[in-house]
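Since the structure comes first, as structure tokens, the remarks are kept for the end.
Every number for a ligand or one of its atoms is a count from 1 in the order of the listing. All values reported here derive from a predicted model rather than from experimental measurement. Just so you know, residue 1 is the first one in the sequence shown, and it goes up from there.
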Amino acid sequence: MKIQDKKIAIVGGGPGGLTLARLLQLKGANVKVYERDINKDVRVQGGALDLHTESGLAALAKAGLMEEFKAHYRPAAGLMRVVDDQLTIHFDEHQTGKKEKFGDNNHRPEIDRGPLRQILLNSLEADTVVWDSHILSIERIQDTWKLVFQNGNTATADLIIGADGANSKIRPFVTGIKPYWTGITMLEGSLKDGAKTAPVIHALLKGGKLFGYGKEKTLIVSSKGDGSFGFAASFKSNEHWAKESGIDFKDHQQVLSWFKKEFSAWSPAWRELFESPDTIFIPRPQYCMPLDQHWEANADITLLGDAAHWMPPFAGEGVNMAMLDALHLSEALTSPVFSDAKQAIASYEKQLFARFAKIGQATLFNTEWMHRPNALNDMLAMFSKNKLKQGLFIIRYVIQTSIIPFARKVMGLVPARKVFR
Ligand SMILES: Cc1cc2nc3c(=O)[nH]c(=O)nc-3n(C[C@H](O)[C@H](O)[C@H](O)COP(=O)(O)OP(=O)(O)OC[C@H]3O[C@@H](n4cnc5c(N)ncnc54)[C@H](O)[C@@H]3O)c2cc1C
């Protein structure tokens, strides 16, 4: 199959879409990325991301961008402190340190989203990304696609790749399968000048990550290179909590009042995260695509990243999977093994379904224990030097993520839809 003959439209310029554009351009493909943001600077990018050797970093290496990554990653950003709701430190990587290095399987270096996006943007040919391209719909006209944007513009393409995230507009053209509600809501916050705005948390954070665990609630804070913090409070709730709560998330006083009530058992020091009028809050109800999802491959449209397999972020796999999808899809589309695009896409999607079934299990396992009454004990068991504690945690992991799913498969049962209440 000659990919050079096709006009490819990637919808969405997140980490998945941009990585795919780079990888395809290296193979001489004709690619445009249609991105909703009006320019590259318009949006506050979220917290730091850890890229994994076997996925995110593997894609960057193939894209020839490892040197740029090494120049921009933040070695100290991955150092984690685990605290309880009273901010007592129970585990501290600033004390124990981290020994991994590039090439190690468990190495997970951290980079801020902004610099990662910039590295990928810089790697693309001029005018690859068409900003201010909020897609409204697509229409098949004979052998081509017509893309219709909110600003009135249109474009055409032979092949569309939906990389437009969790609420993908492209996904319904590939599958009718919908995500299901997990029972958890996350309230994301982006706070400027952490040292000044939240001095107690800043001192504890020490340029790294802070994982706070209370009864059925978590609060994770991550420092960013520009001195700001990204943080997320997560808790069990109704599906439509964000609307039903009546909170105006642009009014920090309303958010603070809610936090004081909902996290009343937590040390008042946490409240400094919610006290600045400049902090931006976004409620994010957590959904997950069914782990057994699959669909018939098409010849001219497919999905990657969150658009394909949206899942909660509690295993830190979302970005890594999006970038690995990009690597696999670019390889399939440019492989001489496949005689046409449908075969290439079918092979890519088969791999994607299998990988998501596995990674999704691990993600749901984390989502569950992180919202248990004794989540702190589970977190500490994972890192414990006590082999019995660690062993019991690993046994639970194996039972829930391998043995139960295998038994259900043998018995012909669909995977359980995990809703955490
Ligand atoms: C609070 C939080 C913390 C997270 N932490 C981690 C973590 O630590 N590690 C990790 O691996 N993952 C994490 N994730 C998940 C991770 O952010 C996603 O899995 C990842 O960004 C998916 O990449 P993507 O390229 O598929 O989609 P996205 O990053 O969502 O990118 C989609 C792009 O498409 C654009 N777009 C959307 N709709 C349209 C449209 N209609 N038309 C045109 N463009 C459109 C968007 O503007 C965006 O640029 C976290 C998520 C959240 C919410």
Flag, side chain of Ser402 to backbone of Ile399, donor-acceptor distance under 3.5 Å = no
Under 4.0 Å from one or more heavy atoms of Ser133, ligand 1 contributes atoms 42 (N), 43 (C)
Just checking, is any N or O donor in the side chain of Lys7 or Thr156 under 3.5 Å from an acceptor N or O on the other one?
-> yes
Are more than 12 heavy atoms from other residues, nucleotides or ligands located less than 6.0 Å from atom NZ of Lys62?
-> no
Using distance alone, with no hydrogens and no angle criterion, decide if Asp193 and Thr197 have a side-chain donor and acceptor under 3.5 Å apart.
-> no
Counting each atom of ligand 1 from 1 as listed, which ones have a heavy atom of Gly305 under 4.0 Å away?
-> 26 (O)
Is ligand 1 under 4.0 Å from a heavy atom in the side chain of His134, in the backbone, in both, or in neither?
-> both
Quick one: do Glu188 and Arg284 make a salt bridge, cutoff under 4.0 Å?
-> yes
Using a 4.0 Å heavy-atom cut-off, say whether Pro15 meets ligand 1 through its side chain, its backbone, both or neither.
-> both
Ligand-side contact atoms (ligand 1) for residue partner Tyr34, heavy atom cut-off under 4.0 Å = 43 (C), 44 (N)
Using distance alone, determine whether Pro313 and ligand 1 share an N or O pair under 3.5 Å.
-> no
What residue and heavy atom of the protein are closest to atom 34 (O) of ligand 1, and at what distance?
-> Gly12 CA, 3.2 Å
Min N/O separation Val319 to ligand 1 under 3.5 Å | yes
What are the atoms of ligand 1, with element, lying closer than 4.0 Å to any heavy atom of Asp37?
-> 47 (O)
Evaluate the ring planes of Trp369 and Tyr213, with Trp represented by its six-membered ring, and classify them as parallel (under 30°), tilted (30 to 60°) or perpendicular (over 60°).
-> tilted
What is the nearest protein non-hydrogen atom to atom 7 (C) of ligand 1, stated with its residue, atom name and distance?
-> Leu49 CD2, 3.6 Å
Could you tell me whether some N/O pair between Ala322 and ligand 1 is separated by less than 3.5 angstrom?
-> no
Charged N to carboxylate O under 4.0 angstrom, Lys342 versus Asp300?
-> no
Would Lys217 count as a cation-pi partner of Phe263, with NZ or CZ less than 6.0 Å from the six-membered ring centre and within 45° of the ring normal?
-> yes
How close does the nearest protein non-hydrogen atom get to atom 44 (N) of ligand 1, and which residue and atom is it?
-> Arg36 N, 3.1 Å
Without placing hydrogens or testing angles, list every side-chain donor-acceptor pair under 3.5 Å for residues 301-309, not counting sequence neighbours.
unit_1, atom_1, unit_2, atom_2, d
Thr302, OG1, Glu349, OE2, 2.6
His309, ND1, Gly305, O, 3.3
His309, NE2, Asp325, OD2, 2.6

Can you tell me the protein heavy atom closest to atom 25 (O) of ligand 1 and the distance?
-> Gly16 N, 2.9 Å
Would you tell me which option among Ile135, Leu136, Ile10 has the nearest heavy-atom contact to atom 42 (N) of ligand 1?
-> Ile135
Using a strict cut-off of 4.0 Å, indicate which atoms of ligand 1 neighbour a heavy atom of Glu188.
-> 1 (C)
Sub-4.0 Å atoms of ligand 1 with respect to non-hydrogen atoms of Ala163 = 32 (C), 33 (C), 34 (O)
For Gly318, counting its heavy atoms only, list the atoms of ligand 1 lying under 4.0 Å from any of them.
-> 10 (C), 11 (O), 12 (N), 19 (O)
Side chains of Phe314 and Ser234: does their closest heavy-atom pair fall under 4.5 Å?
-> yes
Short side-chain donor-acceptor distance under 3.5 Å, Thr175 and Gln293 = no
Scan residues 77-97 for pairs that pass salt bridge (Lys or Arg N to Asp or Glu O under 4.0 Å), counting only residues two or more places apart or in two chains.
-> Arg81-Asp92, Glu93-Lys98
With respect to atom 3 (C) of ligand 1, which of Lys40, Arg113, Lys209 exhibits the smallest heavy-atom separation?
-> Arg113
Given Gly162, Gly14, Pro312, Ser222, which one has a non-hydrogen atom that is nearest to atom 33 (C) of ligand 1?
-> Gly14
N/O to N/O below 3.5 Å, does that happen between Asp306 and ligand 1?
-> yes
What is the ring orientation for Phe274 with Phe259, classed by angle as parallel under 30°, tilted 30 to 60°, or perpendicular over 60°?
-> parallel
Identity and separation of the nearest protein heavy atom to atom 37 (C) of ligand 1 | Asp164 O, 3.3 Å
Of the side chain and backbone of Ser168, name the one, both, or neither that has a heavy atom under 4.0 Å from an atom of ligand 1.
-> neither
Could you say whether the N/O atoms of Arg284 and ligand 1 ever approach to under 3.5 Å?
-> no
So which protein heavy atom does atom 27 (O) of ligand 1 come closest to, and at what separation?
-> Gly165 CA, 3.8 Å
Element-labelled atoms of ligand 1 that are located less than 4.0 Å from some non-hydrogen atom of Lys169 | 41 (N)
Should we count NE2 of His72 as having more than 12 external heavy atoms under 6.0 Å?
-> no
Hey, what's the ring geometry for Tyr287 with Trp310, parallel, tilted or perpendicular (30° and 60° as the breaks)?
-> tilted
Check each heavy atom of Arg117 against ligand 1 and say whether those closer than 4.0 Å belong to the side chain, the backbone, both or neither.
-> side chain
Which residue holds the protein heavy atom closest to atom 49 (O) of ligand 1, what is that atom called, and what is the gap in Å?
-> Glu35 OE1, 2.7 Å
Ala307 and ligand 1 - part of the residue with a heavy-atom distance under 4.0 Å = neither
Taking the side chain as C-beta and beyond, is there a heavy-atom pair between Pro109 and Asp50 under 4.5 Å?
-> no
